[in-house]
Number of protein chains: 2
Amino acid sequence: MSDGNTDVPRHIVSEALGPGLPALVPAGEYEACPVTQTLQMLGDKWTLLVVMMLAERPHRYNELRRRVEGISQRMLTRTLRVLEEDGIVTRTVFPTVPPGVEYALSDRGRDLLVPLAGLADWVVRGQAA
Amino acid sequence: MSDGNTDVPRHIVSEALGPGLPALVPAGEYEACPVTQTLQMLGDKWTLLVVMMLAERPHRYNELRRRVEGISQRMLTRTLRVLEEDGIVTRTVFPTVPPGVEYALSDRGRDLLVPLAGLADWVVRGQAA
DNA sequence: CTGTATCCCCGAAGATACTG
DNA sequence: CAGTATCTTCGGGGATACAG
């Protein structure tokens with residue numbers, strides 16, 4: 001980010017694990033950090049639940065809506081859109097009447113399950129202690 | 001959570017990876033999910049940055065404050081308190097005049113760096129694509 | 001130096017009505 | 001069925017003053 005001499009985008013985690021954080025971390029560096037952004041998205045009220053449901057099997061829109069008690073249309077749509085933009089879920093429209101839309105985990109979405117399980121392990125180990 | 005027949009607390013990730021999510025996920029199950037809570041905390045505006053700074057070396061309170069451009073006292077204190085309550089950082093008071101307080105990563109905090117690096121890897125691989 | 005207490009603002013999330 | 005549009009509400013986060 002502040003270097004500009006690599007083609008791989010830097011972020012707080014890699015800077016800290018690698019060359020070290022700058023003496024003064026500029027405002028905006030952490031907001032632009034893609035890892036923080038990912039954490040934020042996954043920490044959204046509904047995101048993780050939706051991801052894990054799609055990890056089981058693909059779901060239709062209203063199927064998700066019925067299964068997740070209390071979610072509003074607006075929030076389900078928004079959650080799915082963000083996940084789609086991030087390449088974690090795919091959206092497939094079946095041109096039937098009435099139209100059906102199926103949401104499923106992409107390859108990248110399934111890859112996410114691995115580090116997620118690692119984090120979940122850490123959480124569980126902490127609860128035991 | 002909904003079982004009650006194990007002593008290890010269930011959460012969305014383990015339910016999905018294991019026996020499967022219920023047909024109707026009750027409102028409150030995801031809010032109580034410790035993995036979501038962890039993701040939420042790590043996704044806070046300043047948390048990850050503070051964690052990675054303490055991963056480099058212990059810091060004094062004002063040292064963190066000066067190094068993180070734009071953070072308010074309120075937010076730095078709040079961030080550190082939450083991390084301390086979660087057992088991720090330790091707080092050591094030196095009874096000097098004026099008093100000095102050192103924040104450092106606990107063993108559990110250092111353990112967190114591993115799954116965090118895994119997630120960061122996933123993020124970076126996604127950016128390359 | 002290391003905080004706490006208070007007030008304020010703005011954007012995320014919810015409720016509801018409507019549409020292709 | 002699968003959304004969008006609009007309004008409202010709520011809490012995270014910032015600014016500032018004060019304290020041990």
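Keep in mind it's a predicted model, so treat the numbers as computed, not measured. Sequence lines set the chain letters: A, B, ... in the order given, protein chains first and strands last, and positions in each chain run from 1.
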Considering only heavy atoms from C-beta outward, does the side chain of [X] approach that of [Y] to under 4.5 Å?
| X | Y | result |
| --- | --- | --- |
| B/Met41 | B/Asp86 | yes |
| A/Leu105 | A/Leu113 | yes |
| A/Glu56 | B/Leu21 | yes |

* Upstream residue (5' side of DNA chain D) when A/Tyr61 and B/Asp44 are each assigned their closest nucleotide ->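 Nearer the 5' end of the strand: A/Tyr61.
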* B/Pro99 or A/Pro98: which one's nearest nucleotide on DNA chain D is closer to the 5' end? ->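 Result: A/Pro98.
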Please give, in whole Å, the distance from [N] [atom2] to [X] [atom1]?
| X | N | atom1 | atom2 | result |
| --- | --- | --- | --- | --- |
| A/Ile71 | C/dA15 | CD1 | C1' | 14 Å |
| B/Arg65 | C/dT4 | CZ | P | 13 Å |
| B/Met41 | D/dG12 | CE | P | 14 Å |
| B/Leu64 | C/dG3 | CG | C1' | 13 Å |
| A/Met75 | D/dT8 | CE | C1' | 13 Å |
| A/Lys45 | D/dT9 | NZ | P | 17 Å |
| B/Gln73 | D/dG20 | CD | P | 16 Å |
| B/Glu84 | C/dT2 | CD | P | 14 Å |

Measure from the side chain of [X], starting at C-beta and using heavy atoms only, and say which of [options] lies closest.
| X | options | value |
| --- | --- | --- |
| A/Ser72 | C/dT2, C/dG14, D/dG3 | C/dG14 |
| B/Trp46 | D/dG14, C/dG3, C/dG14 | D/dG14 |
| B/Thr77 | C/dG14, C/dG3, D/dC1 | C/dG3 |

* Asked: Are OP1 or OP2 of D/dT4 and a side-chain N or O of A/Arg81 less than 4.0 angstrom apart?
  ->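 True: A/Arg81 side-chain N/O within range (under 4.0 Å) of D/dT4 OP1/OP2.
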* Asked: With nearest nucleotides of DNA chain C determined for B/Leu80 and A/Arg78 from heavy-atom distances, which residue corresponds to the more 5′ nucleotide?
  ->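 Mapping each residue to its closest nucleotide by heavy atoms, the 5'-most match is B/Leu80.
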* Nearest-nucleotide comparison on DNA chain C, the residue closer to the 5′ end among B/Glu31 and B/Glu102 ->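 The residue closer to the strand's 5' end, by nearest nucleotide, is B/Glu102.
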* To do: Indicate, with a heavy-atom threshold strictly under 4.0 Å, whether B/Phe94 touches base, sugar-phosphate, or nothing.
  =>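 Nothing, no nucleic acid heavy atom in range.
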* Any donor-acceptor N/O pair, B/Arg108 side chain to A/Trp122 backbone, under 3.5 Å ->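 A pair under 3.5 Å: yes.
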* **Salt-bridge present (A/Glu63, A/Arg57; N to O < 4.0 Å)** =>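 Salt bridge present between A/Glu63 and A/Arg57.
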* **Pair of N/O donor and acceptor under 3.5 Å linking D/dG13 base with B/Arg74 side chain** =>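 Pair found.
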